Q: 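Quick one: the structure is below, and I'll ask about it shortly.
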Amino acid sequence: MAIIHSFPSYLNLRSHTHGHSTHHRLTTISGCKPKLNSISLIARSSSSSSHSNALLFEAAKHTVDTYVESGMVVGLGSGAASCLAIHYLGQKLSVGQLKDVVGIPTSVGSASDAAKAGVPLHQYQHSLQIDFTFNDADIMEEVSLNAVIGRQRLEGDESIIEEKKILDVTKNLVLMVTEKQYKSGVEGSIPVLVNSVGWMETAEEIDDLFVGDAEVWRRACIGRGHAGPTGGDFPVVTREGHNVLDVIFTSPIPNLAEVAKLLDNIDGVAGHGIITKTPCRAVIAAQSGLCIIDNTTTTILIQAVASVVGNGSTTASDMFHHHRLLPSLFFLSSLFSDVEFRDKDFLESVFFVSW
Ligand SMILES: O=C(CO)[C@H](O)[C@H](O)COP(=O)(O)O
């Protein structure tokens with residue numbers, strides 16, 4: 001993959017590495033409460049879950065260190081990485097490294113995390129200017145960085161609609177995912193909010209639209225036994241009174257944005273969990289370090305690299321998985337220094353925070 005911005009903290013992170021070593025600095029964390037002042041180098045953990053927590057914390061820390069500045073209004077996302085980012089942000093506020101940051105929670109969970117972490121909160125209001133937002137995504141389409149949220153919501157106490165409004169109005173957005181969630185073709189559930197009156201007709205229409213590619217199930221409240229495709233007697237009803245359909249794709253979706261458009265045009269659909277936002281950056285926690293991708297420049301660089309390496313089929317996935325392409329990317333970075341589309345940030349682009 002990887003496009004890349006070097007931001008101020010790129011230098012900081014690089015200074016933590018040993019030359020071009022592929023060993024990324026990891027940070028001890030304790031549950032969801034990283035301690036800002038207790039950063040230490042640790043060997044890669046033998047426990048895979050603590051290792052993946054450490055990787056997620058690197059993504060969260062990088063996101064906060066790089067994009068959050070004093071005085072900002074910051075959208076606070078939901079999910080494991082966002083929880084780590086909120087607590088890290090709280091730590092930076094408590095030691096005075098950041099000041100006057102106001103958080104806009106995207107969910108009940110993020111509001112609760114922020115309250116515990118000491119991040120001052122405001123409720124989202126229409127016309128509020130949000131400088132920057134971070135969020136988790138359940139899965140992300142490579143290159144476009146279109147993503148899916150809302151797969152985990154089993155109780156209906158969260159609002160995908162409100163969360164998407166915040167992501168929509170924010171000036172800058174970072175989505176944090178692991179490398180396993182960064183896919184060339186997204187599969188699995190797309191959560192779709194439908195009016196509960198007439199939900200069955202809407203579900204049938206969606207089923208017809210994606211026949212052979214997806215199954216449609218109405219989401220049931222957890223703890224209510226086996227509900228089956230109709231959601232049984234206790235379907236989830238969201239805060240806004242919608243039912244949630246899981247449109248479960250059984251094969252990779254070639255273009256997530258197309259699916260979003262098709263869903264938007266169906267009567268009875270009130271919203272869905274697909275995010276399509278430009279500009280958007282992905283901070284990807286990979287085994288070998290962090291990878292930062294910006295969807296405004298990805299396509300251009302991929303095409304350019306494909307031509308330099310003489311392989312028309314080069315994809316973001318190739319770049320992500322085959323480090324051999326990195327020299328080409330660096331080379332291109334220097335070649336493009338005079339080209340109009342490259343702004344200063346872009347000129348300073350480098351490809352991985354640490355490999
Ligand atoms: O829907 C989402 C953001 O709104 C997230 O993708 C979801 O919350 C991820 O949860 P976790 O990180 O705990 O798997």
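These values consider heavy atoms only, across backbone and side chains, with no hydrogens, waters or symmetry-generated copies. Atoms within a ligand are numbered from 1 in the order they appear, just like the ligands themselves. Just so we're clear, the structure is a prediction, and the values are computed from it rather than from any experiment.
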Q: Out of all atoms in ligand 1, which are within 4.0 Å of some heavy atom of S78? Include the element for each.
A: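 In order of numbering, the contacting atoms are 3 (C), 4 (O), 5 (C), 8 (O).
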Q: As an exercise, identify every atom of ligand 1 less than 4.0 angstrom from a heavy atom of G150.
A: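 Close to G150: 1 (O), 2 (C).
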Q: Counting neighbours of CG on D208 that are heavy atoms of other residues, nucleotides or ligands and sit closer than 6.0 Å, is the number greater than 12?
A: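 Atom CG in D208 is crowded, with more than 12 foreign heavy atoms closer than 6.0 Å.
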Q: Below 4.0 angstrom from a heavy atom of A137, which ligand 1 atoms are there? Numbered from 1 as shown, please.
A: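 In order of number, 6 (O).
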Q: State whether a side-chain donor-acceptor pair under 3.5 Å links D136 with S82.
A: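 Looking only at side-chain atoms, S82 and D136 do form a donor-acceptor pair, the distance falling under 3.5 Å.
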Q: Look at the side chain of K277 and the backbone N and O of L145, then say whether any donor-acceptor pair between them is shorter than 3.5 Å.
A: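 Between the backbone of L145 and the side chain of K277 there is no qualifying donor-acceptor contact (under 3.5 Å).
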Q: Below 4.0 angstrom from a heavy atom of E163, which ligand 1 atoms are there? Numbered from 1 as shown, please.
A: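 Once the distances to E163 are compared, the set is 3 (C), 4 (O).
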Q: Taking atom 10 (O) of ligand 1 as the point of reference, which of M176, Q152, M140 owns the nearest heavy atom?
A: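 Selected option, by shortest heavy-atom distance: Q152.
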Q: Which bit of A80 is near ligand 1, meaning a heavy atom under 4.0 Å away: side chain, backbone, both or neither?
A: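 It is both backbone and side chain that touch ligand 1.
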Q: Do the side chains of D65 and K61 get close enough for a salt bridge, i.e. N-O under 4.0 angstrom?
A: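 Result for this pair is yes, salt bridge flagged.
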Q: How does T106 reach ligand 1, if at all, at less than 4.0 Å between non-hydrogen atoms: by side chain, backbone, both, or neither?
A: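 For T106, there is no contact with ligand 1 at all, from either part.
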Q: Are any of the side-chain heavy atoms of W199 and T230 separated by less than 4.5 Å?
A: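 Yes, close enough: below the 4.5 Å cut-off.
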